Amino acid sequence: MRLSRRIAFLALSATLVFLCVSRSRAAGPWDRAAAELAGKIVSHLAPRTTIALEIKNRSSLDARAVEEIVQSLRAALHARGARVVQSSRPQVQVIVTLSENIQGFLWVAEITRASLPESAPEVVMVEVARPSAENLAAPAETLALQKTLVYSQSDPILDVAPLQSPGDTEARLLVLDTEKIAVYAKQEDNWVLEQSRPLVRSHPWPRDPRGRLVVQADGQFAAYTPGTQCQGTTSPALTLECRERDVAWPLSLGEPLTMSADFVPGRNYFDGKLTLEGKELQVPMFFSAAAIPGTPAPLIVLAALDGRTRFFAHKPEPVGAMDGWGSDLTAVQSGCGSGWHILATRPGGLAQPDSVQAFSLRDGTAEQASAPVEFPGPVTALWPAASGREALAVERDLRTGEYEAFTLSISCGG
Amino acid sequence: MKRSLFPFLAAGNALLMVVTMSHAATRPRYGGTLRIELSLGATSLDPAQPAASEAEAETQRRLEKMLYDRLIRLDAQARPVPELAVSWAHDSDNKRWEFTLRQDAKLPDGTFLSPQDAASSLAAANPGWHVTASGNKVIIESNSPLFGLVAELARARNSIVHRAADGAISGTGPFRLSEWQPGRRAVLAANDDYWGGRPYVDTVEITMGRAPREQLIDLELSKADVIELGIGQLHTAAQDNLRTIASSPAELLAILFTPGKPAASDPRLRQALALSIDRAAIHAILLQKLGEPAGGLLPEWLSGYAFLFPATRDLAHAKQLRSELASSAALSLGYDAADPLARAVGERIALDARDAGLSLRAEPLNASSRSPDARLVRWRLPSDDLRAALAAMAESLHEPVAQLRAQSASPGEFYEIERSLLADGGVIPLFYLPEICAISSNLREWSVSPAGGWRPEAAWLESEKP
């Protein structure tokens, strides 16, 4: 009786200890890897061996991550019966080095027994995948320009457009990439592929691929890619018909301005033949263009091939030029200040982080109207949204290689 | 109330520049000629024909990667990505692999690359494989498992070429050969039909056999866009504000003992020499802190475990080992007479060895010199893939490790293999060195892979107008 009570007490104590240990910390991102390494370490040890644990960080992990790993590893070793001690005379010294190679993190444990101090340490390792980058939420403070992640994938995204058919109960998205056009539906915070159609092209894509989607309210859409135009519908089924032909790409949509330009097949720029409100204008070749209303004529802003931004007022001669912007820009009807803002990328390379910033054109100057919204990779597309009140930016995250599409919107409170 | 911009613009006729930054843009521009100068020349463009030396092989590899495709390439994280093969699969024991080829890869004559071309290219480079073509697939079979095959196929030696009846070689790469003077000059034109997109530059001119000093002058006179830069030239490059780009440490400088030499036959002597070398001092002074001291065969960025191989000097232990040797004849350490860095390092090692009581003489290697007891060698990493790089190192040591190809292996197992390759002290790793190039001010997107590979097809020139 007495013995059974004691066993019951020990079992209860063990349970409470287990609960305390397991409840003392929430599951962390490193727990699985820590458990694997702990398992390998313990497999070299006798049960209840006392361990002095030392952690060295040779990787790009920051101090916070290292501290999380230490906690995970200690818990994992404890759960496997090892006793991590502060004693100066442990039975085993374990040095865990958080290292890194081209493919990911590598955690290396060197196990040295106190009884064999001169022997080469036993070595065990685990590979740990680099965690995927967290979605960068817009800063909490009141910034004028905000970005919202819409969709991401590994294939290069050229353009994204929301689909809003009558009767739709869930959000749907049309995505143009270099392989296909696809419809996705949002289900429990995930975009699930509904339908897709391959993009068939007779010519290779240019090295810097670009494309544009224009969706009508009835679900019909047009997709523009260099040298090829496709048309289709999204409802009831996704259809797609592509033809090899050069047609002008729409650069701004609907009210109050309609602008289009011819894209050069096999290249990454427009040829300079621009149509604004039905009137043709020959301007220098350009990467991107925007138009904002003005009197007596709208102002056209071009990111020219020489890296300069040029301004036209419906005449072939520019009315101004400036440096300092990247090659992608668009106009947004913000409703703030003058009512219109230019969103522009910053100069830089394809292997560098990028940003988009809002500028107002006022009193003959281009003024910064917002703080730049930072992207961890180059912005590969920047198009006006169908409403004209937002823009769509696609970025290639240099950390993950994923392409991410964001909406950019301006709030006047910034 | 909206304000009209136009009246002001009409009056002012110009917008003021408020945001002042560099004069550049994100999107690449087309056109122009990229001029590259190299010290060593390639005499062949045939992937199946080995180069005369390791240095020449590197130039040959660079050219081959511009002219030909491989089934697969490795991305910046050494992950396989499709090149000519759009997909692949293997059987359960990894002995039979199927690669489905893309069908839009064009040869210069306008015809499409055939699976037979791919099969014969791979068979020529790998006599141990049974390679066949079937439909739009290439099938590779072997009697033993082919682990690491994907990374192996990404190496330049596995470039896919078409061999015409007259023996002429052509490929489907981003550039096409328009002029070829073996060892001296190559001119490559952009392939307008390249399945991966036409390169941005129109032409690449490669001048080979150009002395380092001449290269530097040419860059400064705007006669070159990319040159190789030696460590000894870095100071000049910095003074002249040149743009320099370094790879990750990708070339191993090591002492390789000559098998069968009695003077170096005792492993304790080799270990004593290894322990006597003050790598930290050489790294700080002669290498200007470039690269990293090496205790292992592979650099840290590739293996992640290089720190397990100590590279620190232990003179006391070296002296102790020396004292255990009855006597020690003077060792000879040969170095490439045309390599000033190797000479400086060799002479410094001789001094370090003397501190441990060892007698070592550094001497230049030339045609008439006798075979030294050991040589300073430079080995380039042939791949960004750990397994492929370790396999190549093992081959360089004439100790091919069968399990590197025949079994799935973890980093822990790679570490054990590397440890066993170093166990007898037949090779003493010294340093991992980066490859450095200097580039012109208007060259954009010039990237160097960790192992030193170039991708000229992604580079563009800013000043050129399309």
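As the structure is a computational prediction, the values presented were derived from the model and not from experiment. Every chain is numbered from 1 and lettered A, B, ... according to where its sequence line falls, protein lines coming before strand lines.
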By a 4.5 Å heavy-atom criterion (distance strictly below it), what part of [X] contacts chain A: side chain, backbone, both, or neither?
X	answer
E445(B)	side chain
D384(B)	both
P174(B)	side chain

If we count only N and O atoms by modelled type, under 3.5 Å, do the side chains of [X] and [Y] hold a donor and an acceptor together?
X	Y	answer
Q357(A)	S370(A)	no
D69(B)	W195(B)	yes
Y305(B)	E418(B)	yes
S440(B)	N442(B)	yes

Practice prompt. Report the residues that fulfil ring pair (Phe, Tyr, Trp, His ring centres under 6.0 Å) with Y403(A), sequence neighbours left out, ordered by chain and then residue number.
Written response: none
Worksheet entry | ring pair (Phe, Tyr, Trp, His ring centres under 6.0 Å) involving F309(B) - partner list, sequence neighbours excluded | Y415(B)
Is [X] close to chain B through its backbone or its side chain, or both, or neither, when contacts mean heavy atoms under 4.5 Å?
X	result
Q103(A)	both
V108(A)	side chain
E110(A)	side chain
L106(A)	side chain

Worksheet item: Considering the options N268(A), L350(A), T345(A), which one meets the side-chain contact (heavy atoms from CB on, under 4.5 Å) requirement together with R27(B)?
Response: N268(A)
Item to complete: Output the residues of residues 449-457 of chain B for which the shortest heavy-atom distance to chain A is under 4.5 Å, in residue-number order; output 'none' if no such residue exists.
Response: P450(B), R455(B), E457(B)
Worksheet item: Should the pair R207(A) and W205(A) be classed as cation-pi, given the thresholds of under 6.0 Å to the six-membered ring centre and 45° from the axis?
Response: no
Worksheet item: Given the options D354(A), V379(A), T309(A), D328(A), which has more heavy-atom pairs under 4.5 Å with chain B than any of the others?
Response: D328(A)
Fill in: V200(A): partners by side chain to side chain contact (heavy atoms under 4.5 Å, CB included), with sequence neighbours left out
none
Worksheet item: CD of E292(B) to CH2 of W301(B): how many Å apart, nearest 0.5 Å?
Response: 10.0 Å
